Number of protein chains: 2
Amino acid sequence: MGTTQLETVPEPKYWHLKTVLSDALDSEFAVGEILPNERELAARFGVARATLRQALEQLELEGRLQRRRGVGTTVAPPRVGVDVGSEAGPHTWPGAPGDAWQAEDHERAPAPAAVVRMLGVAADTAVHAVRRGRMTGGQQVASEVLYVHPDSVPALPPGADQEPDGSARARTVLRELHRLQLVGQDRTVELGSARADDARRLDRLPGAPVLVVTTRYLSEGGTAAVSVATYRADTCRLSFSDSEDVSLLAS
Amino acid sequence: MGTTQLETVPEPKYWHLKTVLSDALDSEFAVGEILPNERELAARFGVARATLRQALEQLELEGRLQRRRGVGTTVAPPRVGVDVGSEAGPHTWPGAPGDAWQAEDHERAPAPAAVVRMLGVAADTAVHAVRRGRMTGGQQVASEVLYVHPDSVPALPPGADQEPDGSARARTVLRELHRLQLVGQDRTVELGSARADDARRLDRLPGAPVLVVTTRYLSEGGTAAVSVATYRADTCRLSFSDSEDVSLLAS
DNA sequence: AAGTGGTCTAGACCACACG
DNA sequence: GTGTGGTCTAGACCACTTC
């Protein structure tokens with residue numbers, strides 16, 4: 001009587017807070033608008049800052065908020081749909097005309113263990129590592145390393161190996177790769193956390209949640225190349241549509 | 001001299017801790033093995049428990065650890081590859097023979113806002129909501145709600161509407177759906193956090209990270225149904241392969 | 001210099017699983 | 001009951017951006 005409802009299964013404060021904030025974002029804030037700072041929000045809701053932060057973290061994970069050190073917390077725009085592989089239709093090599101990626105660098109180095117396993121090479125074999133970036137709407141949304149089996153591109157054209165511009169070497173490797181015939185590919189998506197170098201490129205802090213898309217490119221000889229692409233999980237929705245009606249899904 | 005290296009860009013403690021733990025997991029622990037408890041680990045590394053937990057959280061996010069309240073922290077097995085839609089080849093309706101899902105329940109209710117938009121119905125229109133679950137290796141890995149446009153399945157066979165068994169009604173709706181011709185589909189993947197009901201089904205706490213796979217099924221009349229499937233992000237790697245060579249990717 | 005979010009501490013209590 | 005992870009507090013200091 002007169003008491004508020006007894007919660008038989010009490011909800012954690014941060015969970016309730018998240019709901020309240022989420023509703024407020026829908027009704028009282030516009031995209032890009034800046035929220036009150038964490039200390040004030042915590043005071044306003046009568047919780048410790050750590051608890052408030054737990055709620056904000058979840059909302060950021062869901063792509064509702066964007067936080068930047070030294071700046072503040074802003075309301076994030078809806079996630080952008082990013083087309084990942086048009087599975088239907090003929091498969092294409094990475095770097096085919098019209099793809100969304102920009103070659104950035106190239107080196108010859110051993111691949112990480114997981115990639116070594118897929119390429120079927122020895123652990124210390126130097127493979128081509130082509131670094132590429134992907135922009136969408138003026139924002140860097142993904143960073144990729146394409147590991148090319150040395151048998152796929154055994155030698156670069158004369159002189160190309162000494163080319164000092166990494167992105168030029170990268171494009172050369174891709175061009176050489178296109179001489180092979182692509183017979184198939186498969187692709188996996190999983191959750192990961194950004195390594196330090198990827199985090200820098202994606203303008204995030206190390207450990208930020210990312211969607212890792214691993215693609216295996218098969219030619220007649222087996223796995224010719226493996227791509228590991230790292231997408232910002234907060235801002236991206238990966239799209240595997242076979243048609244181009246992505247517009248209907250947006251907003 | 002004699003000093004340890006001065007870190008010009010000091011690494012956060014929890015980040016370093018994560019690296020140390022990750023290496024230890026590779027070299028000193030077997031899958032399923034139980035780690036020392038958080039209070040002891042924190043003491044052993046000379047950090048506060050909250051800091052230690054920050055490192056454990058990341059490792060859990062990456063699928064390296066599994067934590068259960070009242071039990072302890074164990075070393076997680078490698079993520080299981082879960083086949084999601086064989087994009088290539090003919091598309092099929094959900095519930096086609098041989099698919100990995102188990103119908104659980106059915107009700108008629110309004111759909112969430114995002115689904116309403118895709119189905120192109122009014123916000124308060126009651127649609128079929130078919131709940132399904134997906135097991136892999138004895139573990140529940142995903143929970144799905146399939147929203148079926150009322151025009152796609154306007155009426156159930158006589159008597160089926162009064163059937164008290166929800167899973168039987170669910171199977172009936174799927175069967176009726178199969179009478180339509182499927183002309184296309186598209187699919188998106190994004191990061192989300194588990195709602196309370198999904199969390200319970202997936203044996204996780206609310207807010208646990210999940211991969212949300214949204215599939216739109218197109219028939220001649222437009223969007224006939226929309227599926228929202230929620231996969232455990234810690235234990236699953238979604239596979240979009242067109243062949244069945246998933247074995248080469250595993251382990 | 002001032003203000004923001006990011007890291008860290010040292011405690012406390014709670015919910016849950018298990019013997 | 002005992003031990004585990006989960007939640008929460010009230011502080012402190014740091015790294016970064018902006019003015």
Side-chain angles (χ1 to χ4, degrees), chain A residues 6-19 21 33-61 64-76 193-194 196 199-200 203-209 234, chain B residues 6-19 21 33-61 64-76 193-194 196 199-200 203-209 234:
Chain A
L6 290 176
E7 311 190 15
T8 49
V9 178
E11 208 173 36
K13 278 191 187 177
Y14 77 90
W15 185 258
H16 180 243
L17 207 48
K18 180 192 140 183
T19 311
L21 284 169
E33 200 172 343
I34 188 164
L35 267 61
N37 71 53
E38 297 185 350
R39 288 159 181 88
E40 178 172 343
L41 280 176
R44 189 179 298 186
F45 288 107
V47 299
R49 191 177 155 219
T51 305
L52 185 268
R53 277 180 60 82
Q54 215 172 337
L56 294 184
E57 251 149 50
Q58 286 241 354
L59 289 170
E60 191 177 29
L61 197 81
R64 306 288 312 274
L65 292 179
Q66 187 148 354
R67 299 191 286 174
R68 267 176 307 174
R69 168 153 54 178
V71 179
T73 301
T74 56
V75 181
S193 50
R200 202 170 350 96
D203 190 26
R204 299 267 67 196
L205 290 175
D234 55 345
Chain B
L6 290 177
E7 312 192 14
T8 49
V9 178
E11 207 173 37
K13 277 191 187 178
Y14 77 90
W15 185 258
H16 180 242
L17 206 48
K18 181 191 140 185
T19 312
L21 284 168
E33 198 172 343
I34 188 165
L35 268 60
N37 71 52
E38 297 185 350
R39 289 159 180 88
E40 178 172 342
L41 280 177
R44 189 178 300 187
F45 288 107
V47 299
R49 190 175 156 220
T51 304
L52 186 266
R53 278 180 60 82
Q54 215 171 336
L56 294 184
E57 251 149 49
Q58 286 243 351
L59 289 170
E60 190 177 30
L61 197 82
R64 305 289 311 274
L65 291 180
Q66 187 149 353
R67 297 191 288 173
R68 267 177 308 175
R69 169 154 51 182
V71 180
T73 302
T74 55
V75 181
S193 50
R200 200 168 354 94
D203 188 29
R204 299 267 68 196
L205 291 176
D234 56 343

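The shown structure was predicted, so the numbers you read here are calculated from the model rather than taken from an experiment.
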Which of residues 64-73 of chain A sit near DNA chain C, with a heavy atom under 4.0 Å from it? A/R67, A/R68, A/R69, A/G70, A/V71, A/G72, A/T73
Rounded off to whole Å, could you give me the [atom1]-to-[atom2] distance for the [X] and [N] pair?
| X | N | atom1 | atom2 | result |
| --- | --- | --- | --- | --- |
| B/Y14 | D/dC13 | OH | C1' | 16 Å |
| A/K18 | D/dT7 | NZ | C1' | 16 Å |
| A/L35 | C/dG5 | CG | P | 9 Å |
| A/R200 | D/dC16 | CZ | P | 13 Å |
| B/I34 | D/dG5 | CD1 | P | 7 Å |
| B/H16 | C/dC8 | NE2 | P | 12 Å |
| A/L41 | C/dG6 | CG | P | 13 Å |
| A/E11 | C/dA15 | CD | C1' | 15 Å |

Residues forming a side-chain contact (heavy atoms from CB on, under 4.5 Å) with [X], sequence neighbours excluded:
| X | result |
| --- | --- |
| A/A199 | A/A194, A/P206 |
| A/P12 | A/Y14, A/W15 |
| A/E60 | A/R67, A/R204 |
| B/T19 | B/D23 |

5′-ward residue of the pair A/R39/A/W15 relative to DNA chain D: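 First, find each residue's nearest nucleotide; the 5'-ward one identifies A/W15.
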Would you please name every residue forming a side chain to side chain donor-acceptor pair (under 3.5 Å) with [X], sequence neighbours left out?
| X | answer |
| --- | --- |
| B/R49 | B/E38 |
| B/E40 | B/R44 |
| A/E57 | none |

Does D/dG3 have OP1 or OP2 sitting under 4.0 Å from an N or O in the side chain of B/N37? no
Other residues, nucleotides, ligands: >12 heavy atoms within 6.0 Å of B/D203 CG: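 No, not enclosed.
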Just how far is it from atom CG of A/L59 to atom CG of A/L65, taken to the nearest 0.5 Å?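 With rounding to 0.5 Å, CG (A/L59) is 5.0 Å from CG (A/L65).
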Is there a residue in residues 42-61 of chain B whose heavy atoms reach under 4.0 Å of DNA chain D, and which residues are they?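 DNA chain D contact set from residues 42-61 of chain B: B/R49, B/R53.
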